Amino acid sequence: MNQQTMQNLTLFDLLARSWRRPSAIADLRFSADGSAVAFASVDATIAIATVADHEPPETRIRVSNDLGQTTIRPRERPPVPLIATAAFGDGDVPLAAYAHSAFLVGAASGEVLHLAPDGEAAAPLVRIDGPIVAIDHNARTDMTAISNGHDAFLSRGQGGAVQLKHAVTSSMDALAFSPGGRRLACGGGDGLSIWSVEGDAALIRDVSFPARPVSIRWSGDGTWLACGLETGGFALVSMTDGRADIVAGFPSPVRTVCWSRPANALFASGAFRIAGWSMTAPPVGGETSGALETGRAGLVLVETVAAHPEKKLIAAGYANGRITIAEIGARDELLVRPFGSAVTALAWSGDGRHLAVGAVDGTAAIVTFPAQMFK
């Protein structure tokens with residue numbers, strides 16, 4: 001490899017193991033033990049990658065004796081191939097981490113399938129009528145929530161599915177357990193219903209939104225809910241007093257929201273920069289003092305965001321394929337990838353060493369960072 005080629009390599013080229021799937025990546029999940037990543041494509045297939053890196057960056061780093069300059073050589077071998085499944089339906093299928101190293105997949109047949117790390121699907125965990133459009137699993141309580149788009153169901157352990165009885169007929173196409181697993185949020189066309197799922201499930205409250213929620217994320221302590229909306233920004237719901245507010249003014253729909261526990265902060269996609277707020281001054285009732293100026297503003301929309309689990313860092317994926325990592329509340333950015341296909345999904349591993357990436361062109365990747373990179 002000549003010197004000119006070496007100079008043109010990006011951090012993504014040096015640190016990422018990258019694969020190309022036949023269709024766009026719709027979602028991705030790390031397994032609970034961090035040993036695998038499952039990539040869900042819009043063709044209803046799942047591809048699983050092993051997180052362990054056979055050429056970790058630490059083995060490829062060199063420090064020159066004369067100048068003390070640190071360099072990293074490119075990988076010499078292609079990554080271990082992905083383990084791909086057959087299609088589970090006609091479109092993208094919902095995905096959740098399950099047990100230690102496995103996953104749950106919601107199929108068009110109405111079956112919740114237990115997918116092992118080797119791609120083998122075990123006997124269905126549970127079955128409902130109609131194609132499954134949303135799924136979530138909570139390891140602490142061993143409960144699984146599923147929806148066929150019209151009704152939501154709850155399954156405990158290996159038990160059958162019990163329908164959540166709701167007086168209002170509405171769609172239910174987004175689900176999320178609270179961190180402790182005692183609450184379940186169900187998003188539909190008319191807003192959000194929040195359930196207590198300790199013992200017999202009971203409706204706690206209904207919250208109305210002006211648009212359909214497309215993503216639901218609980219804060220780490222379970223006191224807040226953030227919901228990206230199909231149009232008009234995102235919603236913020238306080239579980240303490242039930243108050244709900246809309247944070248508007250985004251030039252594009254907010255596809256993803258995420259919480260940073262280290263920074264006690266909330267972030268959203270859909271703007272021309274990384275949009276974030278400190279929860280010491282939540283962005284409710286017109287409050288703006290908690291806004292965090294993070295990264296640099298530009299001319300390209302942020303499509304997805306992911307907060308580092310241990311450090312005050314936020315990763316952002318853009319519509320032009322750019323991927324950056326910024327220190328929360330600071331303008332400096334680490335450029336991981338300068339361009340490429342639009343980024344559809346980002347997620348950090350539990351230890352913060354790996355960043356999984358999905359893109360519109362079918363790119364599925366795991367970026368493994370040297371331990372000394374984020375001190």
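All values below were derived from every heavy atom in this structure, side-chain atoms included, with hydrogens, water molecules and symmetry-related copies excluded. For reference, positions follow the sequence shown, starting with 1. Since we're looking at a predicted model, the values are computed, not measured.
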Exercise. Sequence neighbours left out, what pairs pass side chain to side chain donor-acceptor pair (under 3.5 Å) with at least one residue falling in residues 337-349?
Key: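 Applying side chain to side chain donor-acceptor pair (under 3.5 Å) to every pair that reaches into residues 337-349, excluding sequence neighbours, yields Ser349-Asp351.
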Within a reach of under 6.0 Å around [atom1] of [X], are more than 12 heavy atoms found that belong to other residues, nucleotides or ligands?
X: Arg182; atom1: CZ; result: no
X: Arg261; atom1: CZ; result: no
X: Arg140; atom1: CZ; result: no

Has [X] got a side-chain atom pairing as donor or acceptor with [Y]'s backbone, closer than 3.5 angstrom?
X: Arg243; Y: Val237; answer: no
X: Arg73; Y: Arg60; answer: no
X: Glu58; Y: Ala371; answer: yes
X: Ser269; Y: Thr256; answer: yes
X: Trp19; Y: Thr363; answer: no
X: Glu55; Y: Arg77; answer: yes
X: Ser215; Y: Cys227; answer: no
X: Ser41; Y: Asp43; answer: no
X: Ser35; Y: Ser101; answer: no
X: Thr50; Y: Ala52; answer: no

So, do [X] and [Y] sit near enough that their side-chain heavy atoms are less than 4.5 Å apart?
X: Ser193; Y: Met172; value: yes
X: Thr70; Y: Ile72; value: no
X: Ile328; Y: Lys311; value: no
X: Ile132; Y: Ser147; value: no
X: Pro94; Y: Val105; value: no
X: Val357; Y: Ile366; value: no

Practice problem: Check the pair Thr324, Val336 against side-chain contact (heavy atoms from CB on, under 4.5 Å), reporting the backbone distance first and the verdict last. | Solution: CA-CA 5 Å; Thr324 64; Val336 177; over 6 Å; no
Please answer: with hydrophobic residues joined when any side-chain heavy atoms are less than 4.5 Å apart, are [X] and [Y] in the same cluster?
X: Phe12; Y: Leu355; value: yes
X: Leu184; Y: Met143; value: yes
X: Leu229; Y: Val254; value: no
X: Val247; Y: Val284; value: yes
X: Phe374; Y: Val367; value: yes

Taking all non-hydrogen atoms of both residues into account, name the closest pair between [X] and [Y] and its distance.
X: Phe209; Y: Ala235; answer: CE2-CB, 3.4 Å
X: Gly160; Y: Val126; answer: C-CG2, 4.0 Å
X: Gly295; Y: Arg273; answer: O-NH2, 2.6 Å
X: Val37; Y: Phe103; answer: C-CZ, 4.1 Å
X: Val133; Y: Gly149; answer: CG2-N, 3.3 Å
X: Leu266; Y: Val257; answer: CD1-CB, 4.5 Å

Considering only NZ, NE, NH1 and NH2 on the basic side and carboxylate oxygens on the acidic side, decide whether [X] and [Y] come within less than 4.0 Å.
X: Glu198; Y: Arg156; result: no
X: Arg20; Y: Asp361; result: yes
X: Arg322; Y: Glu303; result: no
X: Arg296; Y: Glu333; result: no
X: Asp151; Y: Lys165; result: no

Quiz item: Side chains of Thr368 and Arg17: donor-acceptor distance under 3.5 Å anywhere?
Solution: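 A donor-acceptor contact under 3.5 Å links the two side chains.
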Quiz item: Is there a side-chain contact (heavy atoms from CB on, under 4.5 Å) between Asp136 and Thr144 once you walk through the steps?
Solution: CA-CA 6 Å; Asp136 196 20; Thr144 303; over 6 Å; no
Quiz item: Run the side-chain contact (heavy atoms from CB on, under 4.5 Å) check on Leu154 and Val197 step by step: do they pass?
Solution: CA-CA 9 Å; Leu154 200 62; Val197 290; 3.6 Å; yes
Quiz item: Taking it one step at a time, do Arg331 and Glu293 satisfy salt bridge (charged side-chain N to carboxylate O under 4.0 Å, His left out)?
Solution: CA-CA 7 Å; Arg331 289 175 55 82; Glu293 188 173 321; 3.4 Å; yes
Practice problem: Assess the pair Trp224 and Phe234: is the distance between their ring centroids shorter than 6.0 Å? | Solution: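 Aromatic pair excluded; centres sit 6.0 Å or further apart.
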Practice problem: Flag the pair His354 / Phe369 as yes when their ring centroid distance falls below 6.0 Å, and as no otherwise. | Solution: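 So the answer is no for these two rings.
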Rounded distance (nearest 0.5 Å) linking atom [atom1] of [X] with atom [atom2] of [Y]:
X: Leu346; Y: Thr304; atom1: CG; atom2: OG1; answer: 4.5 Å
X: Leu11; Y: Leu334; atom1: CG; atom2: CG; answer: 5.5 Å
X: Asp245; Y: Glu287; atom1: CG; atom2: CD; answer: 11.0 Å
X: Ser219; Y: Leu225; atom1: OG; atom2: CG; answer: 7.5 Å

Practice problem: Carefully, step by step, assess Phe272 and Val300 under the rule side-chain contact (heavy atoms from CB on, under 4.5 Å). | Solution: CA-CA 6 Å; Phe272 291 106; Val300 182; 5.6 Å; no
Self-check item: Pairs involving residues 113-132, ordered by first then second residue, that meet salt bridge (charged side-chain N to carboxylate O under 4.0 Å, His left out) (sequence neighbours left out)
Solution: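 For residues 113-132: Glu111-Arg127.
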Quiz prompt | Steps toward side-chain hydrogen bond (donor to acceptor under 3.5 Å, both in side chains) verdict (Thr45, Arg21) | solution = CA-CA 9 Å; Thr45 62; Arg21 299 292 297 142; 3.2 Å; yes
